*Asks:* 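Structure provided below as structure tokens; questions to follow.
Letters A, B, ... mirror the listed sequences (proteins, then strands); counts begin at 1. If you're wondering where the values come from, they're calculated on a predicted model, not measured in any experiment.
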2 protein chains.
Amino acid sequence: MPQSTSRLGVLDQLTGYHLRRAFGAFGADFHIAMEGTGLRQVLFAILSIVSNSPGINQSRVGKLLGIKRANMVSLINELIDLGLIFRMEDPRDRRSMSLTVTAAGTALIREGLKKIRAHEERMLAGFTDDEKQILLDLLRRIEARAPAT
Amino acid sequence: MPQSTSRLGVLDQLTGYHLRRAFGAFGADFHIAMEGTGLRQVLFAILSIVSNSPGINQSRVGKLLGIKRANMVSLINELIDLGLIFRMEDPRDRRSMSLTVTAAGTALIREGLKKIRAHEERMLAGFTDDEKQILLDLLRRIEARAPAT
DNA sequence: TATTGTTATACTCTATAACTATA
DNA sequence: TATAGTTATAGAGTATAACAATA
């Protein structure tokens, strides 16, 4: 197995290296795809979680997405400033802030999702449906090894 | 196909989302694995490229790794300060800085690689050799879509 | 003109520590 | 005590613009 075939040497056989590069490629194209919407990867993810579980609080969103409580604050503030979600005190537990997506938020999710699906098709052009599912499966199994947030 | 099975909703079917999470999981474990060596993912990658192509200049390393010229400067300075590489003017093109790994750098690559291999085995525990190769193959095909640096 | 290295700068992501208010 | 939200802060990754020296 000629590793000198690649100018990358040992790197070429490291999953972590290729994960980093593939993530970078996806991120760059995502950024271009979402231009004009004001959404970044994290913001869309949060918006989508809140939309899926109306009334959820910040900490739970953070746990689902692997984002620390402290870092959630400014992200939620951004989404509120953009008029995409609103936040109110949970009457049953006044420590919690209950989050809900606004109508504008719902509309932006729909629009964003369209752009994201096009972006994913672009990045996965040439992949069969089988390969796409296998990739998702393998990535999910790696995620399962992540430390709790 | 019940997407409501997952609290992640649409996210769960997005490759970009899982790529982000899997990358995060790998990165966190890499960080722990390399504690004490002073190496981060990028530093090891640069070191490894320079070791594989002695005399290479900063721009070429950056192009191989997808790192911008401007951001290479401080990274190379770090490696020099750590005594892992040295830099000298290329006599044939005095704009270029020729990079070479020191003996200490070579030793640290060897030590780091051992730790990285253990880290990868940990993250890919339960993966067959076939699955590991398939994952590498799929990731490489995604990388190929990255914009030039 | 184009390229290499460089400086300066800004934005984002991630992490930790410490505080408050509630439970 | 434990948890939710918050503030402050620091380190790291990534991006652009502009400049000097060299090709």
*Asks:* Cation over ring, R20(A) on F26(B), under 6.0 Å and within 45°?
*Replies:* no
*Asks:* Between dT16(D) atom C1' and M72(B) atom CE, what is the distance in whole Å?
*Replies:* 18 Å
*Asks:* Taking for each residue the nucleotide of DNA chain C bearing the nearest heavy atom, is the 5' side occupied by R69(A) or by R95(A)?
*Replies:* R69(A)
*Asks:* Rounded off to whole Å, could you give me the CD1-to-P distance for the I67(B) and dT4(C) pair?
*Replies:* 16 Å
*Asks:* With a 4.0 Å cutoff (strictly under), does any side-chain N or O of S59(B) reach OP1 or OP2 of dG5(C)?
*Replies:* yes
*Asks:* Rounding to an integer number of Å, can you tell me how far I46(A) CD1 sits from dG5(D) P?
*Replies:* 12 Å
*Asks:* Using whole Å, what does the distance between atom C1' of nucleotide dT20(C) and atom CZ of R94(A) come to?
*Replies:* 13 Å
*Asks:* Under a 4.0 Å threshold between the charged nitrogen and the carboxylate oxygen, would R7(B) count as salt-bridged to D12(B)?
*Replies:* no
*Asks:* Tell me: CG of N71(A) to C1' of dT12(C), nearest whole Å?
*Replies:* 11 Å
*Asks:* Please compare A28(A) and N77(A) by the position of their nearest nucleotide in DNA chain D and report the one closer to 5'.
*Replies:* N77(A)
*Asks:* Pick the nucleotide of DNA chain D nearest each of D93(B) and D93(A); which residue has the one closer to the 5' end?
*Replies:* D93(A)
*Asks:* Could you tell me whether the phosphate oxygens of dT6(C), OP1 or OP2, come under 4.0 Å of any side-chain nitrogen or oxygen in Q58(B)?
*Replies:* yes
*Asks:* If the cut-off is 4.0 Å, is R40(A) near the phosphate of dC13(C), judged by side-chain N/O to OP1 or OP2?
*Replies:* yes
*Asks:* If two hydrophobic side chains count as joined below 4.5 Å and joins carry through other members, does L43(B) share a cluster with M72(B)?
*Replies:* yes
*Asks:* Whether R87(B) contacts dT6(C) is assessed here as follows: a side-chain N or O lying under 4.0 Å from the phosphate OP1 or OP2. Is that the case?
*Replies:* yes
*Asks:* Round to the nearest Å and state the distance from Q41(B) atom CD to dC13(C) atom P.
*Replies:* 18 Å
*Asks:* Using the ring of each side chain (for Trp, its six-membered ring), is F30(B) parallel, tilted or perpendicular to H119(B), with breaks at 30° and 60°?
*Replies:* perpendicular
*Asks:* So, E89(B) and R95(B), do they make that salt bridge, N to O below 4.0 Å?
*Replies:* no
*Asks:* If only side-chain N and O atoms of K63(B) are considered, is one of them under 4.0 Å from the OP1 or OP2 phosphate oxygen of dT4(C)?
*Replies:* yes
*Asks:* Between R92(A) and K68(A), which residue's closest nucleotide on DNA chain C lies nearer the 5′ terminus?
*Replies:* K68(A)
*Asks:* From CG of L65(A) over to P of dT14(C), roughly how many Å is that when rounded to an integer?
*Replies:* 10 Å
*Asks:* Taking OP1 and OP2 of dT12(C), is either one under 4.0 Å from a side-chain nitrogen or oxygen of R20(B)?
*Replies:* no
*Asks:* Over how many whole Å does the gap from N57(A) atom CG to dA23(C) atom P extend?
*Replies:* 13 Å
*Asks:* Would you indicate which nucleotide in dG13(D), dA17(C), dG5(D) comes nearest to any side-chain atom of V42(B)?
*Replies:* dG13(D)
